[in-house]
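The structure appears right after this line, and notes come after that.
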Amino acid sequence: MRGRRAVIHDPFSTFAAMWLAQRMGCAVIISVRHPLSLVGSWRRRGWKANLYDLLGQPLLMRDLLGPYEEDLRAMAGSDDQVAKVATLWRVTYDLMGDLDERQPGMLHIKRYEDLATDPGAGFRDLYGICGLSWTERAGKRIRWATTDHGKPEDRLYSWVLRGGVSRTAFRPMDSRSSLDTFRRWLSKEDIEKVREITGNVATRYYDAKDGVTP
């Protein structure tokens with residue numbers, strides 16, 4: 001009634017992306033983040049990858065992840081979380097790239113780094129994909145949301161009321177400053193390990209200058 005569109009932000013729906021586009025008519029936008037940044041972010045937050053969660057879904061393995069089953073099983077019981085998260089990244093974005101190539105235009109894969117370095121242009125493009133009108137007011141909100149306001153670093157997930165009640169844990173942040181923080185959380189050995197595991201898929205999205213390869 002207000003001419004607004006619902007936004008569903010759900011990383012757990014990644015493997016349902018094509019179904020959401022085809023069956024539900026969703027404009028599906030997939031954010032791909034540099035593997036080093038993602039692995040570093042997971043370590044910083046203490047998150048762990050449980051690959052058994054994927055292997056325990058027969059239909060998911062049958063329909064999508066079958067080609068990766070051997071790799072997933074080989075890594076599932078490992079205590080090496082860096083390698084496990086890197087494997088999850090590789091499997092996820094290899095599959096997303098393949099799906100996009102098979103049915104162009106159904107998925108819209110955007111690099112997180114492009115949105116972080118130029119939020120105005122990046123989100124203007126996303127507005128177009130979603131059929132929304134880009135306005136000066138929208139631009140101001142994007143600039144506000146992607147600029148650090150001096151809040152403590154450990155308050156990554158504070159609730160905000162600006163523009164309506166937030167349904168996700170969000171706080172404004174300096175998006176550009178987050179691009180290189182992985183170096184504080186990953187050793188040189190970790191970095192090389194991530195590059196080795198993800199390199200053949202990462203080059204689908206990143207050039208050598210982006211640090212995918214040594």
Side-chain angles (χ1 to χ4, degrees), residues 1-35 37-38 41-42 45 47-51 53-54 56-65 68 85 88-116 118-135 137-147 155-173 175 178 204-205:
M1 292 176 63
R2 296 185 178 183
R4 297 182 177 181
R5 298 196 59 178
V7 176
I8 304 172
H9 175 210
D10 187 3
F12 292 100
S13 294
T14 300
F15 295 125
M18 190 60 75
W19 182 86
L20 289 168
Q22 293 175 329
R23 296 290 297 275
M24 304 299 291
C26 295
V28 178
I29 299 167
I30 295 174
S31 174
V32 55
R33 188 174 184 182
H34 194 291
S37 293
L38 183 132
S41 179
W42 277 49
R45 291 170 172 79
W47 294 349
K48 296 182 179 181
N50 185 349
L51 302 183
D53 284 346
L54 303 180
Q57 300 181 59
L59 298 183
L60 174 62
M61 297 304 300
R62 182 197 69 185
D63 295 342
L64 293 176
L65 299 184
Y68 310 100
V85 176
L88 179 61
W89 187 100
R90 178 171 60 80
V91 168
T92 300
Y93 289 109
D94 194 38
L95 175 63
M96 293 300 107
D98 285 348
L99 293 175
D100 183 48
E101 289 179 359
R102 292 174 202 165
Q103 300 189 59
M106 298 297 293
L107 305 178
H108 304 275
I109 303 177
K110 301 296 181 181
R111 302 195 322 176
Y112 170 86
E113 292 76 18
D114 295 332
L115 294 173
D118 192 354
F123 278 90
R124 186 170 191 147
D125 182 37
L126 297 186
Y127 267 59
I129 291 172
C130 294
L132 301 173
S133 298
W134 180 261
T135 64
R137 182 185 181 190
K140 288 181 178 179
R141 285 195 171 186
I142 295 299
R143 288 192 292 273
W144 179 85
T146 55
T147 303
R155 292 186 60 192
L156 291 175
Y157 296 108
S158 57
W159 293 83
V160 296
L161 297 177
R162 183 183 179 91
V165 177
S166 172
R167 299 301 183 187
T168 59
F170 164 81
R171 80 168 179 89
M173 62 181 291
S175 299
S178 67
R204 299 178 75 163
Y205 305 98

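For reference, positions follow the sequence shown, starting with 1. For the numbers below, each heavy atom of this structure counts, side chains included, while hydrogens, waters and symmetry mates do not.
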Quiz item: Under 3.5 Å, is there a donor-acceptor pair between the side chain of Tyr205 and the main chain of Tyr93?
Solution: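 Indeed, once roles are kept as given, a pair shorter than 3.5 Å links the two residues.
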Quiz item: Under 3.5 Å, side chain of Trp89 to main-chain N/O of Arg33, donor-acceptor pair present?
Solution: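 Present.
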Practice problem: Please name all residues satisfying salt bridge (charged side-chain N to carboxylate O under 4.0 Å, His left out) with Asp63, sequence neighbours left out, ordered by chain then number. | Solution: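 Counting only residues at least two positions away or on another chain, Asp63 forms no salt bridge (charged side-chain N to carboxylate O under 4.0 Å, His left out).
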Quiz prompt | Partner set under salt bridge (charged side-chain N to carboxylate O under 4.0 Å, His left out) for Arg204, not counting sequence neighbours | solution =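 Arg204 satisfies salt bridge (charged side-chain N to carboxylate O under 4.0 Å, His left out) with Asp94, Asp98, Glu101 only.
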Quiz item: Listed by chain and number, what are the side-chain contact (heavy atoms from CB on, under 4.5 Å) partners of Thr135, not counting sequence neighbours?
Solution: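 For Thr135 the side-chain contact (heavy atoms from CB on, under 4.5 Å) partners, ignoring immediate neighbours, are Arg137, Ala138.
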Quiz prompt | Pairing residues for Asp100 by the side-chain contact (heavy atoms from CB on, under 4.5 Å) criterion, not counting sequence neighbours | solution =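 With neighbours one apart ignored, the set is Leu107, Ile109.
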Output the distance between atom [atom1] ([X]) and atom [atom2] ([Y]), rounded to the nearest 0.5 Å.
{"X": "His34", "Y": "Ser41", "atom1": "NE2", "atom2": "OG", "answer": "14.0 Å"}
{"X": "Met106", "Y": "Leu20", "atom1": "CE", "atom2": "CG", "answer": "10.0 Å"}
{"X": "Leu126", "Y": "Ile29", "atom1": "CG", "atom2": "CD1", "answer": "4.5 Å"}
{"X": "Asp118", "Y": "Phe123", "atom1": "CG", "atom2": "CZ", "answer": "11.0 Å"}
{"X": "Arg62", "Y": "Gln57", "atom1": "CZ", "atom2": "CD", "answer": "12.5 Å"}
{"X": "Leu115", "Y": "Thr146", "atom1": "CG", "atom2": "OG1", "answer": "10.0 Å"}

Side chains of [X] and [Y]: does their closest heavy-atom pair fall under 4.5 Å?
{"X": "Lys110", "Y": "Ile129", "value": "yes"}
{"X": "Phe12", "Y": "Asp53", "value": "no"}
{"X": "Ile142", "Y": "Trp134", "value": "yes"}
{"X": "Pro104", "Y": "Arg102", "value": "no"}

Practice problem: With sequence neighbours left out, write down each residue that passes ring-ring contact (aromatic ring centres under 6.0 Å, His included) with Phe15, or none if nothing qualifies. | Solution: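 None.
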Quiz item: Of all heavy-atom pairs between Ala17 and Val28, which one has the smallest distance, and what is that distance?
Solution: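 Shortest heavy-atom separation between Ala17 and Val28 comes out as O-CG2, 3.6 Å.
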Quiz item: Do you know the tightest heavy-atom contact between Ser31 and Tyr112?
Solution: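 Nearest heavy atoms, Ser31 then Tyr112: OG-CB, 3.7 Å.
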Practice problem: Might you work through the side-chain contact (heavy atoms from CB on, under 4.5 Å) test for Leu51 and Val91, ending with a clear yes or no? | Solution: CA-CA 11 Å; Leu51 302 183; Val91 168; over 6 Å; no
Self-check item: Sequence neighbours excluded, every pair satisfying side chain to side chain donor-acceptor pair (under 3.5 Å) that has a member inside residues 11-26
Solution: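 Qualifying pairs: Asp10-Ser13, Gln22-Gln103.
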